[in-house]
Amino acid sequence: SENDLVDVENYVKEHRVPANEKMFGIAKDRNVIYVHLESLQQFVIDYKLVDEEGVEHEVTPFLNSLFHDKQTYSFDNSFHQVASGKTSDSETLLENSFFGLDQGPLFTQLGSKNTFQAAPNILAQEAGYTSAVFHGNGGTFWNRNETYKNLGYDYFFDANYYDVNDDNSFQYGLHDKPFFQQSIQYLEHLQQPFYTKMIAVSNHYPYSEMEGEEGGFPLADTKDTTINGYFATANYLDQAVEQFFNYLKASGLYENSLIVLYGDHYGISDSRNPDLADLLEGKSKETWDSFDDAQMQRVPLMFHIPGQSDGTVNHTFGGQVDVLPTLLHLLGIDNSKYMMLGQDLFSNENEQIVAFRNGNFMTPEYTVVGENIYRNATESVVFETTEEEQLKIDELREKVSRQLAISDALTNGDLLRYYTNSGLKEINVDDFDYKNQME
Ligand code: GP9
Ligand code: MN
């Protein structure tokens, strides 16, 4: 009910952190292009697969170069926070700075009816951004076509806008190279500044071998064929993203854009990790445990700003819930009036507490999986704690469960319909029609 909103407002007020004045506004008025790296985990960055001749093959050479580029602000302790809504949960988190549902996809269950105050609407009101999503799959998947209207997306280019056939697509839609290539014609006609999301999809379970000319990257040699193919589909994604960057440069859009590249969630599930372990430096199937599973939930997060020269690899621990407050500050937008549950990742006051949807959590010091508390420095379970340390851990647990509880109250209670201090225009879904766009 309406007075539940008071709890949310109090949480947001006490949890918000100030911008980092060095970073505030450095991407002001630039186009924003989210590049969705389907199922790509952070461990693939800088990873080299050794083939049976002992030859090393860099899996994602282009993304590796971006990760270390002086124009990129990269994060190597960034975690996904999705549950069963998978890609759509990552969209919920990035567009709203609140979590998906503990059970089931928010997009499907609440996307058509809830009130949102999401990134497309915020950027339209604050800075006149036009917004668009590009994704070569059917628009009803994850109820996107309805949910995007409530998020305030002006355009949604789904499979209807692409030349999709049996040779260039698979069950989840158009493959990434034709996807990026065919998206440019629409991207070039968008009113600038624009806020766009390019949802790639080829690097998707079960990572079946790329056909024809896309073959060639070696398969890993484990007894799990989905692991074996994962590096080849990740390599294909990498090639597709490099081609996209070339299109952006050729079309003149690159220089005046902020390109955010992010992994949406894990690619290899926990149950399969023991077979992956032997491919990872210093890890083995025999010793693999839930501490290792938790470390594998890191996903790439890079803010690439052409023209910048002091980009670094930032070790701040954060999650997808933190991306929107971070983005708004980079664009020079004060976000104190929005009900966002995350913290700007560049802020000097960021608490570095990463809540997972199931209540587990990660900080620079601890990995907490159920009742197991691991000390990250020793990768071992903390058996005895001092009174003081136990208090610290209890406080962390409390902060994590509060963030999740506030998120659930906000979404399940559809509380944003009562929140009138955002200054945002009310969304009327009849204002959006994703058919016959730019035809
Ligand atoms: C389909 C794609 C599926 O459009 O989003 O990705 P998933 O949600 O399965 O990761
Ligand atoms: Mn996904």
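Counting convention: from 1, in listed order, for ligands and their atoms alike. All heavy atoms count here, side chains included; hydrogens, waters and symmetry mates do not.
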Sphere of radius 2.8 Å around the Mn ion (ligand 2) - protein N, O or S atoms inside: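 Near the Mn ion (ligand 2), the protein supplies Glu38 OE1, Glu38 OE2, Thr87 OG1, Asp264 OD2, His265 NE2.
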
Between the side chains of [X] and [Y], is a donor N or O closer than 3.5 angstrom to an acceptor N or O?
X	Y	answer
His57	Asp51	yes
Thr196	Tyr155	no
Asp154	Thr130	no
Thr312	Asn314	no

Should Asp292 and Lys283 count as an ion pair when the cut-off is N to O under 4.0 Å?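 So Asp292 pairs with Lys283 through a salt bridge.
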
Is a salt bridge present between Asp414 and Lys113, judged by a nitrogen-to-oxygen distance below 4.0 Å?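 Salt bridge: no.
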
Considering [options] one by one, which has a heavy atom nearer to [atom] than any of the others?
atom	options	answer
atom 8 (O) of ligand 1	Phe107, Trp142, Tyr172, Phe141	Trp142
atom 9 (O) of ligand 1	His265, His135, Lys86, His204	His204
atom 5 (O) of ligand 1	Gln171, Arg144, Glu91, Glu38	Arg144

Region of Thr87 that comes within reach of ligand 1 [heavy atoms, distance under 4.0 Å]: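 Answer for Thr87: both.
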
Could you tell me which atoms of ligand 1, counted from 1 in the order shown, lie closer than 4.0 angstrom to a heavy atom of Asn137?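 Ligand 1 atoms under the 4.0 Å threshold to Asn137: 1 (C), 4 (O).
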
Kindly state whether the ring of Phe303 and the ring of Tyr73 have centres lying under 6.0 angstrom apart.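 When the ring centroids of Phe303 and Tyr73 are compared, they turn out to be at least 6.0 Å apart.
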
Taking the six-membered ring of Tyr34, is the NZ or CZ of Lys197 close enough (under 6.0 Å from the centre) and on axis enough (within 45°)?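 Cation-pi check for Lys197 and Tyr34: fails.
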
Which heavy atom of Met340 sits nearest to which heavy atom of Val12, and what is that distance?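 Reported closest heavy-atom pair: O-CG2, 3.7 Å.
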
So, 4.0 Å and heavy atoms of Tyr205: is ligand 1 close enough to count as a contact?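 For ligand 1, residue contact (heavy atoms, under 4.0 Å) with Tyr205 is absent.
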
